[in-house]
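Following: one structure in structure tokens, then a few remarks.
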Amino acid sequence: MTPQELWQTQAAEAPRISLEFVRHIASSLERRIRWRNALEYIGCLVACGLFGSSAWQALSSKPLRAAAAVCFGVFVLYSVYQRHRIAGAEPSPADAGVLDTLRFQRRQFERQLDWRRLGFRYALLTLLPGFALALSSAYFEYDPVPWDRMGLVVIFLIVATGLGAWRSKLGARHLQREIDALDSLAKSG
Amino acid sequence: MGITTETGELAVGVADESADQDALYKHVSAEFAAPLARLARAHEADPSLQQDLLQEIHISLWKSLAAFGGRCSLRTWVYRVAHNAAATHVLRRRRRFDKNLVDLDDVEIASEVPEAGTVVDEARMLARIRALVQKLKPLDREVFVLYLEGLSMEEIAEISGLSQINTRTKLHRIRALLAARLGIGETA
């Protein structure tokens, strides 16, 4: 018996998977993805609603605070947009060969790596004007000036920036390792 | 719209595309049940995960058949989609595997040569083939499995996306490996 014949004799216990079962699993997977996306959009809407309402309330008495709230709202929208643009999952071409699948997976990791490297900078750039306006509002629009709160905001900003930079670096390093591992898997192609 | 496959006369005869997709899937899952199960077994050593992989392959197939449209032979399409799903599965679990997987060229031919006069029984031969397959990196594994399934060099090249020269080189290496490890000749 040749290795090929031997290999093909394994057929005996091949299980059948019914169409109904496949449909059920596929639809539950899609439902889960739809839910995850819906939750993200709902969270985004809630955050924008809160910032919008805060801006509306402060518009007449404290315009700088209102502008800061608008900036934070824009930051939320921009972050969601950038995440979808740069790091959103692309559908894998179903009929691609293994070589193309490996290339596709590598491209996905590269996109996520870009998001890790650039996303933090984007976030910082969009957040800074909001924080600057919030601090300016506290200084110019409040009497007495709430130095303690301003101090807390500055400490929060410094800690968040440090943590964000650290997390971004860690994530990028992890993704680079994934890409290297993938390259070693695809090397024989 | 009906679709006729090269392996049989599949008279779908229904205008609705999802009905076409379902009918094609039923045909494919019946026709390719055994090769798909073998593929899952080749890519996943853990029996509890083999069923998961098989499900992933079937779901990918069912989804992909909506876009089939007779662009290539159904057999080629099924193998491409199935191997794609299997490779993705291996990649997802790559952390566990990447340190152990090797290229065809790195497999030592002489490492398990049976002693002269030793009769290797079929179960042991099959176990050796499986062990060899699961040691390989995804691309080499795909070529190996397709070869074992009896596909031609041209079909293997088309499915894997490799050049024919590259495929021929890999097949040559596979035959040499099998002959050396199992101590038998090769017919293909």
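Each chain gets a letter, A, B and so on, in the order the sequences are listed, and its residues count up from 1. Computation of the quantities below employed the complete heavy-atom set of this structure, encompassing side-chain atoms and omitting hydrogens, waters and symmetry-equivalent molecules.
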B:A30, part contacting chain A, at a heavy-atom distance under 4.5 Å = both

Would you mind reporting whether B:H58 and A:F21 have side-chain heavy atoms less than 4.5 Å apart?
-> no

Distance from B:M125 atom CE to A:W7 atom CH2, nearest 0.5 Å?
-> 13.0 Å

Taken to the nearest 0.5 Å, the spacing of A:L19 CG from B:Q21 CD works out to 8.5 Å

Flag yes if A:L128 and A:L135 sit in one hydrophobic cluster, no otherwise; membership is Ile, Leu, Val, Met, Phe, Trp, Tyr, and two members link when side-chain heavy atoms are under 4.5 Å apart.
-> yes

Taken to the nearest 0.5 Å, the spacing of A:T9 OG1 from B:R38 CZ works out to 8.0 Å

CD1 (B:I59) and OG (A:S28) are apart, to the nearest 0.5 Å, by 7.5 Å

Are A:V80 and A:F72 linked, directly or through other ILVMFWY residues, by side chains that come within less than 4.5 angstrom of each other?
-> no

Check for a donor-acceptor pair, side chain of A:Q4 on one end and backbone N or O of B:E149 on the other, with a separation under 3.5 Å.
-> no

Does the B:Q55 side chain pair with the main chain of A:V22, one donor and one acceptor, at a distance under 3.5 Å?
-> no

Transitively linked via ILVMFWY side-chain contacts under 4.5 Å: B:M153 with B:I159?
-> yes

Under 4.5 Å between side-chain heavy atoms, hopping through other hydrophobics if needed: is there a path connecting A:I42 to A:W35?
-> no

Any residue meeting salt bridge (Lys or Arg N to Asp or Glu O under 4.0 Å) with A:E110, in chain and number order, not counting sequence neighbours = A:R106

A:Q8 versus B:L148, closest heavy-atom pair with distance | NE2-O, 2.8 Å

Hey, is CD1 on B:I165 packed in by over 12 heavy atoms from elsewhere, all under 6.0 Å?
-> no

Do A:L127 and A:V154 share a hydrophobic cluster (ILVMFWY, side-chain heavy atoms under 4.5 Å, transitive)?
-> yes

